[in-house]
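Data first, discussion second: the structure below is written as structure tokens.
The model shown is predicted, which means the values in this text are computed figures rather than measured ones. What's counted below: heavy atoms across the whole structure, side chains too, no hydrogens, waters or symmetry copies. Ligands are counted one by one from 1 in listed order, and the atoms in each one are counted from 1 as well.
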Amino acid sequence: MSAASLLLLLLPLVSAQTYHWGPCPTAKVQPNFNLQQYLGRWYEIARLPASFERGTCIQANYALREDGTIRVLNSGLDKNKVRAVEGTAVVRDPREPAKLGVSFSYFSPYGQYWVLTSDYTSLSVVYSCTDILRIFHIDFAWILGRSRILPPETIRYAKNLMIGEGIDLSRMKFTNQTGCRDD
Ligand SMILES: *[C@@H]1O[C@H](CO)[C@@H](O)[C@H](O)[C@H]1NC(C)=O
């Protein structure tokens, strides 16, 4: 696919996303990332706008498949209906296990899923950035918690870490995690 057609393809998405001039910031990721400990359920605490996400009670569940890929199940409530989408994550380079790729369709390329930091038991900070011809970039960022609510100082820590990596969080919004159906 030519760069120009890629740009045309992406333009309709751009308005709903966060985009900035220039190439992606080069964020540092979690050293010695342990995928096994990372698996399981994470609740979305806050995110940068993403057109593919809406509603409340958003959570992700990561499980190892027999073929070594990771099953990603994102779910949430939208107008009181459960919405779920399944995808696949892979470690692309075993030397950098915190740099995962995630895809939600056979036809879509793997998007970045970089774990900037995680203690595995309470907090995960995830960043995703796509360079468009190095002219501009579209990025996503998530603060995830093992519980639906994180203490304000944990959220502050997560935000400061991302800001320190040059990530613009001015459009970051909290995810509504109240009135959820607990299972
Ligand atoms: C969060 O969602 C619940 C249930 O849908 C709703 O009652 C509440 O008003 C929402 N809170 C905010 C801050 O939007």
Side-chain angles (χ1 to χ4, degrees), residues 10-20 24-25 27 29-30 37-63 70-89 98 100-105 108 110-130 136-183:
L10 287 169
L11 274 179
L13 290 175
V14 165
S15 59
Q17 318 292 355
T18 304
Y19 65 100
H20 298 99
C24 286
V29 297
Q30 163 95 359
Q37 290 183 49
Y38 191 78
L39 299 175
R41 190 194 319 236
W42 289 97
Y43 298 100
E44 184 184 87
I45 306 298
R47 66 161 185 264
L48 288 180
S51 61
F52 48 86
E53 277 189 67
R54 59 168 183 264
T56 65
C57 304
I58 295 170
Q59 56 174 271
N61 215 312
Y62 306 110
I70 302 146
R71 173 178 176 265
V72 178
L73 190 65
N74 284 353
S75 60
L77 285 182
D78 188 21
K79 298 187 184 77
N80 227 15
K81 279 210 187 65
V82 177
R83 271 166 48 109
V85 51
E86 187 175 329
T88 293
L100 299 156
V102 178
S103 171
F104 286 95
S105 133
S108 67
Y110 280 96
Q112 267 187 9
Y113 181 111
W114 286 12
V115 181
L116 303 192
T117 192
S118 180
D119 61 1
Y120 308 104
T121 56
S122 61
L123 170 73
S124 174
V125 177
V126 177
Y127 185 58
S128 176
C129 187
T130 305
F136 69 101
H137 62 273
I138 300 174
D139 62 359
F140 306 102
W142 294 271
I143 298 173
L144 306 177
R146 285 293 193 193
S147 49
R148 291 193 195 272
I149 311 249
L150 287 183
E153 59 269 23
T154 307
I155 293 169
R156 206 158 24 215
Y157 165 81
K159 285 187 166 175
N160 284 341
L161 184 127
M162 287 193 272
I163 290 165
E165 297 291 354
I167 300 165
D168 176 7
L169 297 184
S170 50
R171 295 180 71 197
M172 184 158 249
K173 293 273 190 313
F174 283 95
T175 303
N176 187 340
Q177 292 284 358
T178 62
C180 304
R181 304 173 190 177
D182 269 306
D183 48 10

Smallest separation among heavy atoms of L77 and V82, with atom names: CD2-CG2, 3.7 Å
Parallel, tilted or perpendicular: ring planes of H137 versus H20, cut at 30 and 60 degrees: tilted
Check: Y43/S147 side-chain N/O donor and acceptor closer than 3.5 Å: no
Within residues 155-168 or reaching into it, pairs that qualify as salt bridge (charged side-chain N to carboxylate O under 4.0 Å, His left out) - sequence neighbours excluded: K28-E165
Contacts of type side chain to side chain contact (heavy atoms under 4.5 Å, CB included), residue Q112, not counting sequence neighbours: W114, S128, C129
Please produce the table of protein N or O atoms sitting under 3.5 Å from N or O atoms belonging to ligand 1, one pair a line, distance to 0.1 Å.
| residue | atom | partner | partner atom | Å |
| --- | --- | --- | --- | --- |
| ligand 1 | 2 (O) | N176 | OD1 | 3.4 |
| ligand 1 | 2 (O) | N176 | ND2 | 2.4 |
| ligand 1 | 11 (N) | N176 | ND2 | 2.7 |
| ligand 1 | 14 (O) | N176 | ND2 | 3.3 |

Partner residues of D78 under the salt bridge (Lys or Arg N to Asp or Glu O under 4.0 Å) criterion, sequence neighbours left out: R54, R83
